[in-house]
Trainee: 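Quick one: structure below, then a few questions.
Labels below follow one simple rule: chain letters A, B, ... track the order of the sequence lines, proteins then strands, and each chain is numbered from 1.
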Amino acid sequence: MPIALIDCNNFFVSCERMFNPELEGKPVVVLSNNDGCAVARSNEVKALGIKMGEPWFRMKDIAKQHGIIALSSNYALYGDLSARVMTALAEFSPQQEVYSIDECFLDLSSFDPDTLSDYGQKIRETVKRNVGIPVCVGIADTKTLAKLANYCAKKGLAGKNGVCDFGLLNDKQCSELFASIPVGEVWGVGRKMTESLAKLKITTVEDLRCASPEYLRQQFSIVLVRTVNELNGIPCIELEEAGTPRQQIMVSRSFPAPISALDDLSESVACYTTRAAEKLRRDASVATSLCVFIQANPFKENEEQYSRSLVVPLIQPTDHTGRLVNAALSGLKSIYKPALRYKKSGVLLMGLHEKGASQRTLFDGPAEQSRSDKMMYVMDMINQKIGKDSATVGANGTRQQWAMPKEQKSSSYTTVW
DNA sequence: ATGCTCCTGCGAA
DNA sequence: CTAACGTTCGCAGGAGCAT
């Protein structure tokens with residue numbers, strides 16, 4: 001039954017350090033889009049007390065004081081290195097679930113349970129040697145426990161050398177360990193849930209593990225009951241192997257400066273819809289409806305707040321950029337309110353299903369269908385070969401003044417010549 | 001009473 | 001000098017509506 005959770009250490013920072021070893025041993029943060037806030041921190045930065053998601057402008061003083069190096073995020077690089085890590089890890093088990101850009105689960109049930117700790121060491125060493133990224137390994141009987149074991153490995157609370165196997169602990173050791181960990185560290189327990197649980201005197205992992213499932217079900221949702229079962233070694237969350245396509249596709253961005261004109265908003269929405277449509281076709285899916293949204297800056301408390309979204313049904317399920325853009329722009333028009341300072345817009349493709357399974361309408365015969373398919377195919381090929389947005393729809397505009405600069409981005413070492 | 005869509009909130013990385 | 005706060009996904013559950 002054992003499952004391993006392998007998580008890369010400070011992943012984005014580790015990626016940057018691979019290609020710029022001068023960053024080794026120095027305090028480094030990677031910033032989100034728009035160089036807005038910290039999305040990855042080196043250990044040196046964590047030691048300074050800088051939190052995940054901290055806005056860059058608010059830590060600039062400490063940054064200057066301690067010589068923190070701030071880098072813009074380079075998702076092409078991280079995505080490529082992630083793929084290499086996952087490929088290396090896949091060698092260690094017949095079953096792998098890639099859970100996020102920097103972590104995956106491996107089913108270890110076919111291996112000798114007595115030597116899993118050594119196996120974890122081998123995993124760690126292999127990824128470090130073959131790819132160059134440091135990882136930690138947590139091993140336990142359920143996914144939730146494996147995540148907790150990984151947390152212990154990272155913090156050095158149990159296990160050794162970045163590997164923690166709960167299978168080596170007896171009941172008493174487990175209880176003591178869990179009693180020392182805040183309940184908010186449990187997978188699925190976030191900020192709000194931590195607050196609610198605190199009112200019921202549940203503050204540690206051990207408190208939650210020993211709580212009555214019936215009582216929790218009555219107070220909260222079924223999700224928390226599953227979490228408690230998993231903490232007790234009863235698997236409730238299956239390992240999901242790749243293959244199931246997404247149910248939604250979201251593309252949204254904040255603007256570096258507020259915009260007010262419908263024309264500018266329209267350009268942004270058209271561009272995001274174009275990106276979303278490309279993802280849709282890559283998944284070989286079609287959308288049946290689309291949600292467009294715009295919002296003011298929620299951090300500006302003295303400015304007028306505004307946040308609207310609208311679902312636009314699509315007459316015919318489609319993956320066609322032009323049709324999706326038309327739908328998005330018509331939706332935008334009806335939620336747009338003039339003279340407001342907008343900070344963000346976005347598009348959500350919904351009701352996705354497999355393309356082949358879609359029905360045709362009365363109006364589009366097979367001929368029109370295949371002609372528009374060909375056009376999208378050609379457009380995708382041109383953009384893949386010549387570069388992003390070589391061919392696109394006119395609505396996207398050419399100025400794109402609402403788009404974001406990246407001040408400190410590293411080179412695309414592994415993906416662009 | 002039942003089931004659907006839309007929308008919001010929460011949690012995760 | 002000032003102002004500068006991410007993105008994408010899934011799930012749960014309530015409101016509103018239709019049957």
Trainee: Which part of the nucleic acid, if any, lies within contact of A:E103, taking any heavy atom under 4.0 Å across all strands shown: a base, the sugar-phosphate backbone alone, or nothing?
Mentor: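 A:E103: backbone/sugar contact only, no base atoms under 4.0 Å.
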Trainee: Considering every strand and a 4.0 Å limit on heavy-atom distances, what is the contact class for A:R58: base, sugar-phosphate, or nothing?
Mentor: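 Base contact.
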Trainee: Counting only heavy atoms from other residues, nucleotides and ligands, does the tally under 6.0 Å from CD of A:E22 exceed 12?
Mentor: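 No, because the 6.0 Å sphere around CD of A:E22 holds 12 heavy atoms or fewer from other groups.
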Trainee: Please confirm whether A:Y75 and A:F12 have ring centers closer than 6.0 angstrom.
Mentor: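 Aromatic pair counts; centres sit under 6.0 Å.
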Trainee: To the side chain of A:R217, which of C:dG13, C:dA12, C:dC9 is closest?
Mentor: C:dG13
Trainee: So which heavy atom on A:A257 is nearest to which on A:K343, and how close?
Mentor: N-NZ, 4.5 Å
Trainee: A:Q295 CD to B:dC7 P: how many Å, rounded?
Mentor: 15 Å
Trainee: Side-chain N or O of A:Q248 versus OP1/OP2 of C:dC11: is the shortest distance under 4.0 Å?
Mentor: no
Trainee: Once you apply a heavy-atom cut-off of 4.0 Å, does A:V186 come out as touching a base, just sugar-phosphate, or nothing?
Mentor: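 A:V186: backbone/sugar contact only, no base atoms under 4.0 Å.
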Trainee: Where do A:K147 and A:E103 come nearest, in terms of heavy atoms and distance?
Mentor: NZ-OE1, 2.8 Å
Trainee: Applying a 4.0 Å non-hydrogen cut-off, can you work out what A:I249 is touching in the nucleic acid: base, sugar-phosphate, or nothing?
Mentor: sugar-phosphate
Trainee: Indicate yes or no for a side-chain donor-acceptor contact from A:Q305 to the backbone of A:N297 under 3.5 Å, with no hydrogens or angles considered.
Mentor: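 Pair found, side chain donor or acceptor close to backbone of A:N297.
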Trainee: Check the distance between C:dC5's P and A:Q305's CD and give it to me in whole angstrom.
Mentor: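 It is 12 Å, rounded to the nearest whole Å.
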Trainee: Please evaluate residues A:N34 and A:S254 with respect to the criterion side-chain hydrogen bond (donor to acceptor under 3.5 Å, both in side chains), reporting the C-alpha separation (whole Å), side-chain torsions for both, the decisive distance (0.1 Å), and the verdict.
Mentor: CA-CA 8 Å; A:N34 213 13; A:S254 297; 5.9 Å; no
Trainee: Please pick, from B:dG11, C:dC9, B:dA13, the nucleotide with the shortest atom-to-atom distance to any side-chain atom of A:S100.
Mentor: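 Taking heavy atoms from C-beta onward, the closest nucleotide is B:dA13.
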Trainee: Look at A:N34 and C:dC5 and indicate whether a side-chain polar atom (N or O) is within less than 4.0 Å of OP1 or OP2.
Mentor: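 No, because none of the side-chain N or O atoms of A:N34 sits under 4.0 Å from OP1 or OP2 of C:dC5.
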Trainee: Taking only the side-chain nitrogens and oxygens of A:S309, find out if one of them lies under 4.0 Å from OP1 or OP2 of B:dT8.
Mentor: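 Yes, within the criterion.
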Trainee: Looking for any heavy atom pair under 4.0 Å, which part of the strands does A:R275 touch: base, sugar-phosphate only, or nothing?
Mentor: nothing
Trainee: Rounding to an integer number of Å, can you tell me how far A:N302 CG sits from C:dC5 P?
Mentor: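 For the pair A:N302 CG and C:dC5 P, the rounded distance is 13 Å.
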Trainee: Using the P atom as the point on both nucleotides, what is the distance between C:dC5 and B:dA13, in whole Å?
Mentor: 25 Å
Trainee: If only side-chain N and O atoms of A:R253 are considered, is one of them under 4.0 Å from the OP1 or OP2 phosphate oxygen of C:dT8?
Mentor: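 Checking A:R253 against C:dT8: at least one side-chain N or O falls below 4.0 Å of OP1 or OP2.
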Trainee: Could you check which of B:dG11, C:dC11, C:dG6 has an atom nearest any side-chain atom of A:R191?
Mentor: B:dG11
Trainee: May I ask you to verify if any side-chain N or O of A:S254 is less than 4.0 angstrom from the OP1 or OP2 atom of C:dT7?
Mentor: yes
Trainee: Kindly say if A:K343 contacts the phosphate of C:dC5, meaning a side-chain N or O under 4.0 Å from OP1 or OP2.
Mentor: yes
Trainee: C:dT7, OP1 or OP2 - any side-chain N/O from A:K344 closer than 4.0 Å?
Mentor: yes
Trainee: Rounded to whole Å, please give me the gap between NZ in A:K51 and C1' in C:dG6.
Mentor: 18 Å
Trainee: Report yes if a side-chain nitrogen or oxygen of A:K147 is closer than 4.0 Å to either non-bridging phosphate oxygen (OP1 or OP2) of B:dA13; otherwise report no.
Mentor: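 Indeed, a polar side-chain atom of A:K147 lies that close.
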Trainee: Looking at A:S252, I'd like to know whether one of its side-chain N or O atoms comes within less than 4.0 Å of OP1 or OP2 on C:dT8.
Mentor: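 Result: yes.
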Trainee: For A:F11, answer base if it contacts any base atom (sugar-phosphate contacts may also be present), sugar-phosphate if it contacts only those atoms, and nothing otherwise; contact means non-hydrogen atoms under 4.0 Å.
Mentor: nothing
Trainee: Would you mind reading off the distance between A:M59 atom CE and C:dG6 atom P, rounded to a whole angstrom?
Mentor: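 My rounded result for the distance is 12 Å.
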Trainee: How would you label the contact of A:W187 with the nucleic acid (heavy atoms, under 4.0 Å): base, sugar-phosphate, or nothing?
Mentor: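 The answer is sugar-phosphate, as A:W187 gets under 4.0 Å only of primed atoms, P, OP1 or OP2.
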